[in-house]
Amino acid sequence: MSIHTGLTRTPLRRFLDYAVLSVLAFIFALPVIYLFMGSLKPSDEVLNGLSGFLPTHLSFDNYTAVLDNLNSDSTGYFWRFMGISLLLSFVVVTGGLFVNSMAAYGLSRLKWRGRNAVFTLVLLLMLVPFESVAVPLFYMFNDQRNTLFIQAIPFIANAFSVYQFHTFFRSIPPSIEEAARLDGAGPWRTFFAIIVPMSKPAFASVAILTFLIQWGSFLWPVLMVSDPSVRPLPLEMSVFQAQLPPDWGQILAFGVLLVLPVLIVFAFFQRWFVQGVASSAVKG
């Protein structure tokens with residue numbers, strides 16, 4: 001009797017779980033739906049409450065207007081702003097994957113004096129918000145303002161990324177590395193030939209999170225960038241939004257163009273990202 005009850009309750013419980021998750025997913029997706037829908041509507045119909053979700057008077061005029069308005073030396077070029085943001089994100093993501101993964105490997109697998117103290121310092125750095133060090137960094141690198149270098153270099157090393165890699169590397173059985181050492185592989189060869197291929201979910205997770213943070217970076221560019229020629233896209237959007245009178249259709253179209261690269265990056269890494277989340281849930 002108890003077995004039969006358990007079997008009949010399981011599908012119902014699964015249905016309720018999916019139903020709740022679907023409702024929550026729809027609620028969280030509503031702002032994104034409103035963003036895409038509003039970007040296709042005239043400005044006077046964007047801020048009309050719930051009617052903004054209705055697919056009426058749709059066109060790509062807002063997108064063409066944004067690209068036309070940002071297509072001169074006086075206003076700057078949209079694709080230049082986009083290229084700067086892509087370049088900065090590429091440098092921070094690729095550099096961060098290289099630096100933070102090696103730091104995490106040294107902290108998790110190699111034995112050396114002071115390792116625990118250094119890892120404790122990394123954990124403490126995770127508790128320090130960037131806003132608390134932004135002003136000291138501003139005065140420290142004031143001579144490097146309006147350069148691409150200063151917009152990327154301070155964010156390559158990241159304590160949270162080191163912690164993510166460290167947690168994943170600790171889950172890899174040590175016997176794999178011991179077998180590699182018996183075959184004559186050193187730490188470098190073991191890391192790049194064995195650990196890195198096994199850690200695709202960790203690399204995908206760190207890449208996505210790093211890209212999200214860097215792509216949406218705003219405070220640091222506000223402090224360090226005043227030259228439009230090196231202005232990233234989020235900072236340019238704030239300048240575009242401040243123009244009077246505000247054209248909300250074009251502003252939402254700008255927002256969609258800002259979001260699209262994030263969706264592309266997530267679509268590219270999603271397979272390994274989902275694997276990483278699933279493996280973390282199983283281990284938890």
Side-chain angles (χ1 to χ4, degrees), residues 88-134 136-137 140-141 149-217 220 265-266 268-284:
L88 293 174
S89 299
F90 176 79
V91 171
V92 172
V93 171
T94 55
L97 291 177
F98 183 74
V99 170
N100 297 318
S101 63
M102 288 199 303
Y105 182 72
L107 290 170
S108 61
R109 313 303 279 187
L110 303 182
K111 296 181 180 180
W112 44 279
R113 182 176 299 177
R115 183 183 67 172
N116 294 333
V118 173
F119 183 64
T120 301
L121 179 61
V122 171
L123 295 179
L124 292 176
L125 288 175
M126 291 173 54
L127 303 177
V128 180
F130 175 74
E131 290 77 7
S132 64
V133 298
L137 285 175
M140 184 183 302
F141 297 109
F149 170 84
I150 199 57
Q151 295 187 64
I153 294 301
F155 303 99
I156 290 179
N158 184 276
F160 184 66
S161 296
V162 173
Y163 174 76
Q164 285 182 292
F165 279 120
H166 181 276
T167 302
F168 190 90
F169 292 160
R170 294 282 291 181
S171 67
I172 298 177
S175 58
I176 297 177
E177 294 164 274
E178 294 172 0
R181 283 195 294 269
L182 292 176
D183 290 338
W188 288 97
R189 183 180 175 186
T190 300
F191 176 72
F192 286 106
I194 298 176
I195 300 299
V196 172
M198 295 180 61
S199 306
K200 288 181 180 179
F203 277 85
S205 300
V206 173
I208 290 175
L209 295 177
T210 303
F211 182 83
L212 286 174
I213 295 173
Q214 177 60 33
W215 185 259
S217 177
W220 187 242
V265 169
F266 181 78
F268 181 79
F269 287 104
Q270 67 169 336
R271 180 161 62 100
W272 298 292
F273 180 75
V274 172
Q275 289 178 2
V277 173
S279 62
S280 300
V282 171
K283 293 170 186 176

Rounded to the nearest 0.5 Å, what separates atom OG in S161 from atom CD1 in I156? 11.5 Å
What's the separation between atom CD1 in I150 and atom CG in L137, rounded to the nearest 0.5 Å? 8.0 Å
For A104 versus F165, what's the shortest heavy-atom pair and its separation? CB-CB, 3.3 Å
Please examine the side chains of Y105 and T190, heavy atoms only from C-beta on, and report whether any two atoms are closer than 4.5 Å. yes
dist I176:CD1 -> I195:CD1 (nearest 0.5 Å) comes out at 7.0 Å
Between T210 and A207, is there a donor-acceptor pair closer than 3.5 Å when you use the side chain of the first and the backbone of the second? no
Side-chain contact test, heavy atoms from C-beta onward, threshold under 4.5 Å: evaluate it for P187 versus E177 and give yes or no. no
Determine, using ring centers only, whether F203 and F168 are less than 6.0 Å apart. no
Atom CZ in F192, atom CZ in F98: separation rounded to 0.5 Å? 4.5 Å
If you look at every heavy atom in P197 and I194, which pair is closest and at what distance? CD-O, 3.4 Å
Find out whether L209 and F160 are in side-chain contact, i.e. whether some heavy atom of one side chain is under 4.5 Å from a heavy atom of the other. yes
Atom CG of L125 and atom CG of N158: how far apart are they, to the nearest 0.5 Å? 10.0 Å
Donor-acceptor contact below 3.5 Å, side chain D183 vs main chain A185: no
For N100 versus A157, what's the shortest heavy-atom pair and its separation? OD1-CA, 3.5 Å
Tightest non-hydrogen contact, residues W220 and A134, listed as CZ3-O, 3.7 Å
How about R189: does its CZ atom have over 12 heavy atoms from other parts shown lying under 6.0 Å from it? no
So with a 6.0 Å cut-off around CZ of F119, is the heavy-atom count from everything else above 12? yes
For atom CH2 of W112, decide whether the heavy atoms of other residues, nucleotides or ligands shown that lie under 6.0 angstrom number more than 12. yes
Quick one: does F169's side chain get under 4.5 Å of S199's, heavy atoms only? yes
Where do Q151 and Q214 come nearest, in terms of heavy atoms and distance? O-NE2, 3.9 Å
M198 and I172: which non-hydrogen atoms are nearest, and at how many Å? CE-CG2, 3.9 Å
To the nearest 0.5 Å, what is the distance between CZ (F130) and CD1 (I213)? 11.5 Å
